[in-house]
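Here is the naming used below: chain letters follow the sequence lines, and residue numbers restart at 1 for every chain.
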2 protein chains.
Amino acid sequence: MTERYLEDFEAGQTFRSQRIRIDADRIKRFAAEFDPQPFHLDERAATDSIFRSLAASGWHTAAITMRLLVEGDLKPAGGIVGAGFDELRWPRPVRPGDELWVESEVLEVRASKSRPNQGVIKVRATTLNQNNEPVQVLVGNLIVLRRPVSSGKKGKFNML
Amino acid sequence: MTERYLEDFEAGQTFRSQRIRIDADRIKRFAAEFDPQPFHLDERAATDSIFRSLAASGWHTAAITMRLLVEGDLKPAGGIVGAGFDELRWPRPVRPGDELWVESEVLEVRASKSRPNQGVIKVRATTLNQNNEPVQVLVGNLIVLRRPVSSGKKGKFNML
């Protein structure tokens, strides 16, 4: 799969990722480093919390989502570089044993007025579990290179 | 520091976290697991990217921010549980050696109409580096328990 330039994207395109399984041990290790709260660290403590049983940190879900996006077919030229997000929600908890995958939809494509060699695509990335229930909804704007006009010189982009 | 109930929060309150230093090795290890793109993995490859030199994954910055929030003085009763975010931006890259800290401001406090034992606070958490430059801005809504009316019974909350 080659990289996609801004010209290769259009609203309505969808992309699906592979699946990653998340287990209790990894949930707890991520939480111990980044989100050390009882409901992410310990099955028993979690029963008395809003989550009722062990649940992954939302930031763990977000990080796994990024992995699935990077390895998926979206492949914007220059890499997946977020320029900002409009929405981030975790509609239901991620549990040990869940298998996560991501469906992305291009919502909008626009060229930059100030930087002629790049543009922005707005993407909704929905992370689902093995029952196809959404566990995360992320709407973000990604910076994407335009197709270089002259051949031979590789496109580069700058911060918007 | 004891937990804060909804009644203990008011708009305008600010909280500061401790600092965490982030080094090149940890940037690369996080990226290898969650965001395997050249500009997060390798100094040399990063020079040819939008970031110009090695930069941490934004999701790494977000995860570190969560750690700083959990260990900080915000301490909402029931834990830090995000009900959704209005904004997430990374205005400048995080570099090896940066020392990150978080300043949080309560923007809004409101009781839930449907669930009398809980409410929501809107918080802006700005992550800064050692030069006090913002590297991440996160505006989110946290679910917080109200102070229990009867003593003796511990408050519990449910998904909104």
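Note that CD of E71(B) and CG of D35(A) are 10.5 Å apart. Values are rounded to the nearest 0.5 Å.
Heavy atoms closer than 4.5 Å to chain B are found in the backbone of A32(A), but not in its side chain. Both the backbone and the side chain of I80(A) come within contact range of chain B, each with at least one heavy atom under 4.5 Å from a heavy atom of that chain.
Under the 4.5 Å side-chain heavy-atom criterion for grouping Ile, Leu, Val, Met, Phe, Trp and Tyr, V106(B) is connected to L6(B) within one hydrophobic cluster. Linking Ile, Leu, Val, Met, Phe, Trp and Tyr residues whenever their side-chain heavy atoms come within less than 4.5 Å leaves L128(A) and L100(A) in two separate clusters. At a threshold of 4.5 Å between side-chain heavy atoms, the hydrophobic network of Ile, Leu, Val, Met, Phe, Trp and Tyr places F15(B) and W101(B) in two separate groups. Connection of V135(A) to V137(A) is not established within any shared hydrophobic cluster, with ILVMFWY side chains joined at heavy-atom distances below 4.5 Å, either directly or through further cluster members.
Across A63(B) and F30(A), no two heavy atoms sit closer than the pair CB-CZ, 4.1 Å.
Classified by interplanar angle (parallel below 30°, tilted 30° to 60°, perpendicular above 60°), the ring pair F34(A)/H60(B) is perpendicular.
The number of heavy-atom neighbours closer than 6.0 Å to CD of Q18(A), taken from other residues, nucleotides and ligands shown, is 12 or below. For E7(A), the CD atom sits in a packed shell: over 12 heavy atoms of surrounding residues, nucleotides or ligands are nearer than 6.0 Å.
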Test log, rule side chain to side chain contact (heavy atoms under 4.5 Å, CB included), inputs E87(B) and E87(A): CA-CA 7 Å; E87(B) 191 180 337; E87(A) 189 180 338; over 6 Å; no

Ring pair (Phe, Tyr, Trp, His ring centres under 6.0 Å) between W59(B) and F85(A), intermediate numbers included: CA-CA 12 Å; W59(B) 302 107; F85(A) 296 89; 5.5 Å; yes

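Remark: the backbone N or O of E33(B) is paired with a side-chain donor or acceptor of R67(A) at under 3.5 angstrom.
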